[in-house]
Amino acid sequence: MEALVCKKLGEPVGKIDDNSPIVLSKSHPIPQLDSPTAVRVRVKATSLNYANYLQILGKYQEKPPLPFIPGSDYSGIVDAVGPNVSNFKVGDRVCSFASLGSFAQFIVADQSHLFRVPDGCDLVAAGALPVAFGTSHVALVHRAQLTSSQVLLVLGAAGGVGISAVQIGKACGAIVIAIARGAEKVAFLKSLGVDCAVDSSKENIIASVKDFLKTRKLKGVDVLYDPVGGKLTKDALKLLNWGAQILVIGFASGEVPVIPANIALVKNWTIHGLYWGSYKIHRPGVLEDSLRELLSWMEKGLISVHISHTYSLKEANHAFSAIRDRKAIGKVMITIDDDRSAISKL
């Protein structure tokens, strides 16, 4: 089978050749069923997340031994099943997530880790659902328990997790303020129905958000969703209500912010660290319930996955460039054996 293999750590955006960190193997062994309840999936689409990029750089919190096949969430068609598999049959449409291995034509998972994709849902879009939407759903619904009476502030709102947080915030009935960089991204966020969108490249974030809050007669922000870090976090802290909740999702800016403990004490802030992948080890049931609800929401049209760029395996370097250079509005996908390969929607 074809598989994208990381053979050494480094920048994965240049030309894919024998000297690059990632190589396209065209004769990688097809994974075999490793248990009676194992299912082999022919991958249709796999999502590229910022964490995948960091992993190849060697800067992610989990560092797998080399060589490895990157990739986490995916969708596809059941190709083979073990003798004790009762939940799925060959030909079923499924999606799931893994620690590694989805940047390949086939992947094997236990039947308990797979989720049936409803007939009304796009299979490629389902491949983008688990990590980005799963992160936002666990953060906002499970941890912050966001309600319709609250104000949600989303930083980096035009990225994969940002757009998912915006949509889930709206699905929960919250008042959503979105921060993004550039007019095109702000226009897209407005099309999603956000209550306020601020262009951080042109506007003063603190002043713009305060003006909006004053117009709506709101005191401040109740929940901060932060996948960015850096100066944006420092500015956002000045907008938080007493008793606000801070969701620490990641540090796309490259700078880990300092949240003053004395101010958190005085203002009774709750700070949630949200490492979504660790739930698979410590609370897998939370992830399973979350993904089932997200698939239900997708089927009902409450959320939708916006795919910004789509590439083939051999174009993975361009996919990583789109992530690194923040060209994407929404998700970057790699499709396999699919006529949507090598298409960019921007």
Side-chain angles (χ1 to χ4, degrees), residues 3-17 19-24 43 45-74 97-104 107 127-136 155-165 180-181 185 226-230 232 248-256 274-278 305-336 342 344 346:
L4 195 72
V5 181
C6 178
K7 63 176 186 177
K8 63 181 180 181
L9 301 179
E11 188 67 66
V13 302
K15 182 180 179 181
I16 297 180
D17 55 28
N19 296 316
S20 64
I22 53 175
V23 297
L24 180 61
V43 178
T46 180
S47 171
L48 200 157
N49 301 290
Y50 195 72
N52 304 129
Y53 171 63
L54 291 177
Q55 206 164 45
I56 293 173
L57 289 177
K59 295 181 178 180
Y60 195 58
Q61 51 258 43
E62 292 182 355
K63 296 176 173 60
L66 296 167
F68 64 88
I69 298 174
S72 43
D73 42 353
Y74 63 92
F97 52 89
S99 300
L100 296 168
S102 67
F103 290 5
I107 190 169
L129 197 68
V131 173
F133 278 82
T135 296
S136 296
L155 307 184
V161 291
I163 287 176
S164 67
R181 189 173 184 82
K185 293 179 178 179
D226 182 11
V228 179
L232 271 181
V248 181
I249 307 299
F251 316 105
S253 68
E255 180 185 343
V256 178
L274 199 288
Y275 174 26
W276 183 86
S278 65
V305 177
H306 181 75
I307 298 174
S308 177
H309 294 65
T310 306
Y311 297 97
S312 63
L313 274 177
K314 66 182 179 181
E315 297 173 317
N317 56 328
H318 299 302
F320 283 109
S321 292
I323 288 286
R324 183 195 66 177
D325 299 337
R326 294 174 172 79
K327 296 177 182 176
I329 300 177
K331 293 298 299 178
V332 175
M333 301 295 293
I334 291 176
T335 55
I336 303 171
S344 172
L346 290 182

Any [X] side-chain heavy atom under 4.5 Å of [Y] side chain:
{"X": "Ile334", "Y": "Ser312", "result": "no"}
{"X": "Phe103", "Y": "Leu48", "result": "yes"}
{"X": "Val131", "Y": "Asp73", "result": "yes"}
{"X": "Leu313", "Y": "Leu24", "result": "yes"}
{"X": "Val305", "Y": "Lys331", "result": "yes"}
{"X": "Pro12", "Y": "Leu57", "result": "yes"}
{"X": "Leu155", "Y": "Ile249", "result": "no"}
{"X": "Gln55", "Y": "Leu100", "result": "yes"}

Is a donor on one side and an acceptor on the other found under 3.5 Å between the side chain of [X] and the backbone of [Y]?
{"X": "Thr310", "Y": "Met333", "result": "no"}
{"X": "Asp325", "Y": "Lys327", "result": "no"}
{"X": "Ser164", "Y": "Ala132", "result": "yes"}
{"X": "Ser47", "Y": "Ala128", "result": "no"}
{"X": "Lys185", "Y": "Gly156", "result": "no"}
{"X": "Ser136", "Y": "Val161", "result": "yes"}

Problem set entry | Heavy-atom neighbours of Lys59 NZ exceed 12 at 6.0 Å | no

Exercise. Cut-off 3.5 Å, side chains only: do Ser20 and Asn317 have a donor facing an acceptor?
Worked result: no

[X] [atom1] to [Y] [atom2] distance, which is reported to the nearest 0.5 Å:
{"X": "Leu54", "Y": "Leu9", "atom1": "CG", "atom2": "CG", "answer": "12.0 Å"}
{"X": "Ser72", "Y": "Phe97", "atom1": "OG", "atom2": "CZ", "answer": "10.0 Å"}
{"X": "Asp226", "Y": "Leu232", "atom1": "CG", "atom2": "CG", "answer": "7.5 Å"}

Problem set entry | Pair Trp276 + Phe133: ring centers closer than 6.0 Å | no

For this session: Take the angle between the ring planes of Tyr53 and Phe320 and call it parallel below 30°, perpendicular above 60°, tilted in between.
Result: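 Geometry flag for Phe320 against Tyr53: tilted rings.
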
